[in-house]
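Quick notes on the structure that follows.
Note that this is a predicted model, so its numbers are computed, not measured. Just so it is clear: chains get the letters A, B, ... in the order the sequence lines come, proteins before strands, and each one is counted from 1.
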2 protein chains.
Amino acid sequence: MARTSASQPPARPRSVVEADVRDDAAPAKKRLDLFHFMPFRLNRLAAEVSSALSSEYQARYGLDIPEWRVLATLGFRSDPCSAQYIAHCTRTHKSTISRAVSALMEREIVERVENADDRREFRLRLTRKGQALYEELIPRLLRKEQEILSCLSAQERRDLGRLLDKVEASLDLVQTSEEADAKDVY
Amino acid sequence: MARTSASQPPARPRSVVEADVRDDAAPAKKRLDLFHFMPFRLNRLAAEVSSALSSEYQARYGLDIPEWRVLATLGFRSDPCSAQYIAHCTRTHKSTISRAVSALMEREIVERVENADDRREFRLRLTRKGQALYEELIPRLLRKEQEILSCLSAQERRDLGRLLDKVEASLDLVQTSEEADAKDVY
DNA sequence: CTAAATTAGTCTCACTTGCAACTATCTTAA
DNA sequence: TTAAGATAGTTGCAAGTGAGACTAATTTAG
């Protein structure tokens with residue numbers, strides 16, 4: 001695990017493109033180390049964490065990620081909600097949610113009831129079987145999460161959570177202004 | 001941004017499934033708030049950050065993520081390296097890297113030279129055009145990264161980096177023991 | 001009341017990607 | 001030297017997914 005843990009010197013990517021004018025004092029970053037590049041790190045970390053978790057919900061219960069997200073959303077909320085809502089709050093495409101819901105209904109984990117007020121939309125909720133699955137799965141996943149985070153102290157976990165909060169919040173703003181579409185709803 | 005930041009009220013739906021043997025001192029988390037669940041947060045954040053960056057390399061330069069990873073790896077290293085190496089250190093499947101390399105060769109961004117020592121493998125490197133592209137792209141991406149992280153203080157960024165270091169390191173261990181395959185090489 | 005616009009959900013299409021088979025090459029051992 | 005096994009890279013195939021068209025239902029405007 002030889003990861004050049006180079007502590008970012010207080011230098012910023014000065015100047016621009018071609019000009020290789022850099023001096024020791026303010027080194028222009030002309031190269032980019034993927035291992036220190038946050039977007040790459042996040043992607044890789046997310047993929048690895050997902051894969052570590054998938055053994056719980058995928059291998060054991062045959063759920064894929066979208067299905068797990070539906071299950072998690074319905075299980076967390078006490079009242080039934082629409083597919084649209086799940087799509088919004090998990091930020092998953094509605095067609096993906098639609099397919100996940102179909103699969104879960106097939107397996108009788110989720111059921112839907114018509115909404116008399118608006119017959120385009122269905123209210124989704126867990127069946128008893130779905131509830132049982134949810135309650136069996138949750139402790140496993142939480143344990144796995146703790147296992148992954150066990151390398152951090154309690155304080156560090158709080159710190160990490162807080163830092164992610166900030167980045168998330170800031171991204172939401174950025175995105176809303178850039179592609180203000182279906183993001184504002186939830 | 002109404003995110004149910006609900007600090008898990010101490011009231012939980014007891015009852016269901018089997019053993020509910022926990023007491024208040026050690027509250028059994030029977031529900032799981034996706035928004036506080038680290039794997040979900042990482043996935044979502046990584047996706048959003050990627051999408052924020054893709055405007056730089058995708059829309060502007062027509063690179064997809066695997067292609068960008070190849071470019072980044074070759075641009076960072078001073079000496080040519082194999083596709084295998086890129087696959088290992090970016091943790092991307094070799095077939096994906098293979099396709100990305102093909103596309104980049106097609107566009108004359110990457111070229112490969114035979115390795116006389118081992119004619120199965122090719123040494124990959126950026127062409128002059130590839131170098132130029134790399135050097136034009138890097139400042140943009142670094143700027144974007146800074147933009148995304150601008151919600152954090154310098155100290156907080158260091159903290160975040162350090163926390164991710166720890167989690168990454170711990171995951172590498174976990175994975176190596178669990179699925180010790182192509183991970184150990186790099 | 002009717003027409004246009006909007007919304008929930010489904011479905012088809014195109015694209016991406018991981019897997020695994022395959023080729024070519026190299027290594028090891030008999 | 002030859003055969004078996006490993007390795008680098010490519011490719012066919014199948015599964016998953018986002019975009020966007022489409023249907024049905026609702027809302028809004030005239």
Side-chain angles (χ1 to χ4, degrees), chain A residues 43-44 46-48 50-51 54 57-59 62-70 73 80-106 110-124 179 181-186, chain B residues 43-44 46-48 50-51 54 57-59 62-70 73 80-106 110-124 179 181-186:
Chain A
N43 258 305
R44 197 161 67 86
E48 292 194 9
S50 285
S51 120
S54 77
Y57 55 75
Q58 195 136 53
L63 298 172
D64 62 21
I65 289 184
E67 285 163 12
W68 149 244
R69 288 183 176 180
V70 170
T73 306
C81 60
S82 69
Q84 193 71 200
Y85 172 85
I86 300 176
H88 282 312
C89 74
T90 63
R91 309 238 169 159
T92 307
H93 196 277
K94 61 178 181 170
S95 60
T96 304
I97 295 297
S98 172
R99 285 184 271 252
V101 168
S102 295
L104 292 175
M105 288 202 305
E106 194 77 29
V110 162
E111 65 189 355
R112 66 185 192 183
V113 294
E114 290 212 350
N115 180 356
D117 293 340
D118 184 341
R119 293 204 332 278
R120 291 171 302 182
E121 143 184 333
F122 299 94
R123 295 283 159 179
L124 300 166
E179 44 173 32
D181 47 357
K183 292 295 169 49
D184 40 340
V185 182
Y186 90 114
Chain B
N43 257 306
R44 198 161 66 85
E48 292 193 9
S50 285
S51 119
S54 75
Y57 56 73
Q58 195 135 53
L63 298 171
D64 61 21
I65 289 183
E67 287 163 10
W68 149 244
R69 287 182 176 181
V70 170
T73 306
C81 62
S82 70
Q84 192 71 199
Y85 172 85
I86 301 176
H88 282 313
C89 75
T90 64
R91 309 237 170 160
T92 307
H93 197 275
K94 62 178 182 171
S95 61
T96 303
I97 295 298
S98 172
R99 286 184 267 252
V101 168
S102 295
L104 292 175
M105 289 202 303
E106 194 77 31
V110 161
E111 64 190 357
R112 66 185 192 183
V113 294
E114 289 211 352
N115 180 356
D117 293 340
D118 184 341
R119 293 204 333 279
R120 290 171 303 182
E121 141 183 333
F122 299 95
R123 293 284 159 179
L124 298 166
E179 44 173 31
D181 49 357
K183 292 296 170 50
D184 39 340
V185 182
Y186 91 114

Using a cut-off of strictly less than 4.0 Å, decide whether Arg119(B) has a side-chain nitrogen or oxygen near OP1 or OP2 of dC26(C).
yes
Strictly under 4.0 angstrom, non-hydrogen atoms only: write out the protein contact profile of nucleotides 5-12 of chain C, one letter per nucleotide from the 5' end, B, S or -.
-BBSBBBB
Interatomic distance, Asp64(A) CG vs dA14(D) P [rounded to whole Å]
20 Å
In this structure, how many angstroms lie between the P atom of dT17(D) and the CG atom of Asn43(B), rounded?
11 Å
Option among Ile65(A), Ile97(A), Val70(A) that satisfies the side chain to side chain contact (heavy atoms under 4.5 Å, CB included) test with Thr90(A):
Ile97(A)
What is the bend of the helix from dC1(C)-dG30(D) to dA30(C)-dT1(D) when you compare the axis at one end with the axis at the other, using five pairs each and rounding to 10°?
10°
Spacing between Ile65(A) atom CD1 and dA15(D) atom P, to the nearest angstrom:
18 Å
Can you check side chain to side chain contact (heavy atoms under 4.5 Å, CB included) on Leu104(B) and Leu124(B), steps first, answer last?
CA-CA 11 Å; Leu104(B) 292 175; Leu124(B) 298 166; over 6 Å; no
Please report, rounded to the nearest Å, how far the P atom of dG18(D) is from the CD atom of Gln58(B).
14 Å
CA sep, side-chain torsions, deciding dist, call: Glu67(A), Asp64(A), side chain to side chain contact (heavy atoms under 4.5 Å, CB included):
CA-CA 5 Å; Glu67(A) 285 163 12; Asp64(A) 62 21; 3.2 Å; yes
I need the His93(A) NE2 to Arg99(A) CZ distance, nearest 0.5 Å.
8.5 Å
In Å, rounded to the nearest 0.5 Å, how long is the span from OG1 of Thr92(B) to CZ of Arg44(A)?
10.0 Å
I need the Ser82(A) OG to Arg112(A) CZ distance, nearest 0.5 Å.
12.0 Å
The reported gap from CZ in Arg123(A) to CG in Asp117(A) (rounded to nearest 0.5 angstrom) is 8.0 Å
For the backbone of Ala46(B) and the side chain of Ser50(B), can you confirm whether one donor and one acceptor N or O come within less than 3.5 Å of each other?
yes
